[in-house]
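Following: one structure in structure tokens, then a few remarks.
So you know, we letter chains A, B, ... as the sequences are listed, proteins then strands, and number each from 1.
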Number of protein chains: 2
Amino acid sequence: MSGSVRERLLACLETASKADRTIANFMLSQLSSVPFETAASLATKVEVSEPTVGRFCRSIGYKSFKDLKEHLKQDIGDKPWLVSDRLRDLRDRAKAGEDHLAAGLELEISALVAIYELARTEEWARLVKRLATTPNVYATGFQTERGMAQILVNQLQYLRDGVRLLDLAGGNFAELLASDASQSCLVIFEARRYSRLARELAIEAKEAGIPVTLVTDPFCDWGRGLADEVFVVPTEFNQFWESTAQMASLANLLVNGVFLELGPKVEARMETITRLYSRFNGYVGEPAIRTPKSENETT
Amino acid sequence: MSGSVRERLLACLETASKADRTIANFMLSQLSSVPFETAASLATKVEVSEPTVGRFCRSIGYKSFKDLKEHLKQDIGDKPWLVSDRLRDLRDRAKAGEDHLAAGLELEISALVAIYELARTEEWARLVKRLATTPNVYATGFQTERGMAQILVNQLQYLRDGVRLLDLAGGNFAELLASDASQSCLVIFEARRYSRLARELAIEAKEAGIPVTLVTDPFCDWGRGLADEVFVVPTEFNQFWESTAQMASLANLLVNGVFLELGPKVEARMETITRLYSRFNGYVGEPAIRTPKSENETT
DNA sequence: ACATGTTTGTAAGAAATATTACATATGGTC
DNA sequence: GACCATATGTAATATTTCTTACAAACATGT
């Protein structure tokens, strides 16, 4: 037995016994409130006994009602996909326990969904506009999130001038903090157990009246109140090593938004930059960035 | 105390204690998966004790955590919140042409699937092993791919020594190219606006006998033959601005693989690095080793 | 009607989840 | 620095939720 919860429920409608069919049917019609149910509450509603619910769940391949709920949590659904077969294949492996990695896939997908939802919010629109119009845009991230900031910066630089990666190379953040607040904004990438720097930077920036956006994981608890916008990116994928990879998608969507905001006028710049790159054989010549060789070296 | 769950959570952020704020914050960030949580599971995630969760719920006017969930059920109403429903919702909008962004979602998902498929190949296993065992690991990327290389490097450095971001700051790549080939390997991130650098670096590295891995998009045509492994990441998402965001997922999966390969012995190192970070940056959250003169909160 | 296998319910027990009482820690105040 | 009030954790306890064992009901074929 395999497939999403919904699929399994549908499948069993054919063959199942009366009580089982009732249960399956009820769950299908109430799928989104199933997580709030308990085996007993559901049993009452459809007027069967509690063990019947448990047995039913087991009969369609779950360990228990609770297990079914657990799967529901991550279920991506049964819609035909562009990639359906391949995805299904991976998912089946994951469920069969053959492939521990694939288990993370669904979580990554749901994180992506979350990102795309973020991109529809008020805050998002506000940030995009700010990134498009503020003369000086700074992005920063420490430790493993540094690369994310770099991605945002590198891409934004294609579209506009005045974008910089902020770091502590100079010992303080004067570059941003001593600048004209009305001309600057800051995006911080942050994730759990990381630096105090991010927080203190946010505090100072707020103090200085500089708009701050925080992109972080669900565990960060200092953002609200300090940052003008907080975008929470799911990061738990049940891997041994947790991932903030979806922040890259977020950064990209932001850039896309800025592109749309700026409109055709960016094309001249993009062509110039492209030409410059090719002129220098792709030499990394971002004007505004100090290429920070120093702090990546362990040597 | 009244209002929706969301409102109450927001309201209490102002006044609540540290632990309570952490809980409220986490719930707000993950509202749609709260129904699947249990007081204990939530307590673990935010690292407080179970009774604290219960007390918190009571403090904002619910009878218990379960009671909060019950109310959440009402609040959520008919808003879609199972991942599958949310996904469906986005897809529908995309189809209706209301939401141009969402159109890219599906493509991003399929790119993710492609990544996870890559992670099952021979070549992948080989690369993981190499990244785990080669004394000197270099990663590089130019222009917009620089951040990807940085992500890989920053994360790998948590697990092992001898990982470096390679760049042209010094004017040549002697650091790698003049090193002992049997002790080094190279990962190149590359995409559409190819810099000639990447290719020439690959040529030289191959010449020198250094194993080369190329992570690139489907349009790159110079990889095979030059690189020992070529991983092709889909990059066309029908946005105005194309994305290599999934390379971050790839990098992360690689790191995860290396973690598994190295096994428990990395933990000592991870702790050391964590401690070092906390030594120099300070911690916001988890109390690592308390250095003589350290207290973290400035609140 | 009877035997057989399947389905379902009952009730007891096992596991999980949540609460309570109390001890310890923390932060602020004098 | 000692005190208080508040916040948090620990461990025992209560409660809810789930499972198991078994018996009753039901359908089906003879």
Side-chain angles (χ1 to χ4, degrees), chain A residues 1 5 9 12-27 33-73 219 221-222, chain B residues 1 5 9 11-27 33-73 282-290 293-299:
Chain A
M1 188 66 79
V5 174
L9 290 172
C12 80
L13 282 176
E14 306 293 327
T15 62
S17 68
K18 186 157 167 283
D20 283 4
R21 221 167 33 244
T22 317
I23 298 171
N25 196 55
F26 180 84
M27 284 201 200
S33 66
V34 166
F36 298 99
E37 302 286 349
T38 172
S41 69
L42 204 151
T44 312
K45 289 192 182 172
V46 302
E47 292 179 318
V48 298
S49 71
E50 210 183 324
T52 302
V53 174
R55 274 190 293 254
F56 168 70
C57 295
R58 239 158 289 136
S59 80
I60 60 172
Y62 298 103
K63 235 183 63 212
S64 65
F65 179 64
K66 220 186 316 176
D67 187 43
L68 183 151
K69 279 197 286 188
E70 194 53 37
H71 283 256
L72 194 58
K73 177 178 177 183
F219 299 96
D221 60 351
W222 54 264
Chain B
M1 191 63 82
V5 174
L9 289 173
C12 79
L13 281 177
E14 306 294 329
T15 61
S17 68
K18 188 156 170 285
D20 285 1
R21 217 169 39 242
T22 313
I23 297 170
N25 191 67
F26 183 83
M27 285 199 199
S33 67
V34 167
F36 297 99
E37 302 285 351
T38 171
S41 70
L42 205 152
T44 311
K45 288 194 184 174
V46 302
E47 293 176 320
V48 300
S49 70
E50 211 183 323
T52 301
V53 174
R55 275 190 293 250
F56 168 69
C57 295
R58 239 158 289 137
S59 81
I60 60 171
Y62 299 102
K63 234 183 62 210
S64 65
F65 178 64
K66 220 187 318 176
D67 187 42
L68 183 151
K69 280 198 284 188
E70 196 54 38
H71 284 254
L72 194 58
K73 180 180 174 183
Y283 253 85
V284 180
E286 288 134 53
I289 288 174
R290 192 155 301 182
K293 189 205 156 177
S294 97
E295 28 39 66
N296 306 333
E297 300 303 291
T298 342
T299 316

(request) Could you grab the distance from atom CZ of A/Phe65 to atom CD of A/Glu50, nearest 0.5 Å is fine? (result) 10.5 Å
(request) May I have the distance from A/Glu37 (atom CD) to D/dC18 (atom P), rounded to whole angstrom? (result) 11 Å
(request) Taking only the side-chain heavy atoms of A/Ala39 (C-beta and beyond), determine which of C/dT19, D/dC18, D/dG9 contains the nearest atom. (result) D/dC18
(message) With a 4.0 Å cutoff (strictly under), does any side-chain N or O of A/Lys66 reach OP1 or OP2 of C/dT17?
(response) yes
(request) Could you check how far CD1 of B/Ile23 sits from P of D/dA7, rounded to whole Å? (result) 13 Å
(request) Could you please name the option among C/dA18, C/dT20, D/dA21 that lies closest to any side-chain atom of B/Thr38? (result) C/dA18
(message) When you measure from the side-chain N and O atoms of A/Arg55 to the phosphate of D/dT20, is any distance below 4.0 Å, counting only OP1 and OP2?
(response) no
(message) From the set D/dT16, D/dT10, C/dG9, return the single nucleotide nearest to any side-chain atom of A/Thr52.
(response) C/dG9
(request) Rounded off to whole Å, could you give me the NZ-to-P distance for the A/Lys18 and D/dA27 pair? (result) 9 Å
(request) Looking at every strand, decide which applies to A/Arg21 at a 4.0 Å heavy-atom threshold: base, sugar-phosphate, or nothing. (result) nothing
(request) Check whether any side-chain heavy atom of A/Pro35 lies under 4.5 Å from a side-chain heavy atom of A/Leu72, and answer yes or no. (result) yes
(message) If the cut-off is 4.0 Å, is A/Ser17 near the phosphate of C/dT6, judged by side-chain N/O to OP1 or OP2?
(response) no
(request) Give the intermediate values and the outcome of salt bridge (charged side-chain N to carboxylate O under 4.0 Å, His left out) for residues A/Glu70 and A/Lys63. (result) CA-CA 10 Å; A/Glu70 194 53 37; A/Lys63 235 183 63 212; over 6 Å; no
(message) So A/Val48, base contact, sugar-phosphate only, or nothing? Heavy-atom distance under 4.0 Å.
(response) sugar-phosphate
(message) I want to confirm an ordering. Mapping B/Glu50 and A/Ala40 to their closest nucleotides on DNA chain D, which one lands closer to the 5' end?
(response) B/Glu50
(message) Side chains of A/Met27 and A/Leu68, heavy atoms from C-beta outward: is any pair under 4.5 Å?
(response) yes
(request) Return no unless some side-chain N or O of B/Ser49 is found under 4.0 Å from OP1 or OP2 of D/dG9. (result) yes
(request) Please determine, for the side chain of A/Pro51, which listed nucleotide (D/dC18, C/dT19, D/dT20) has the closest atom? (result) D/dT20
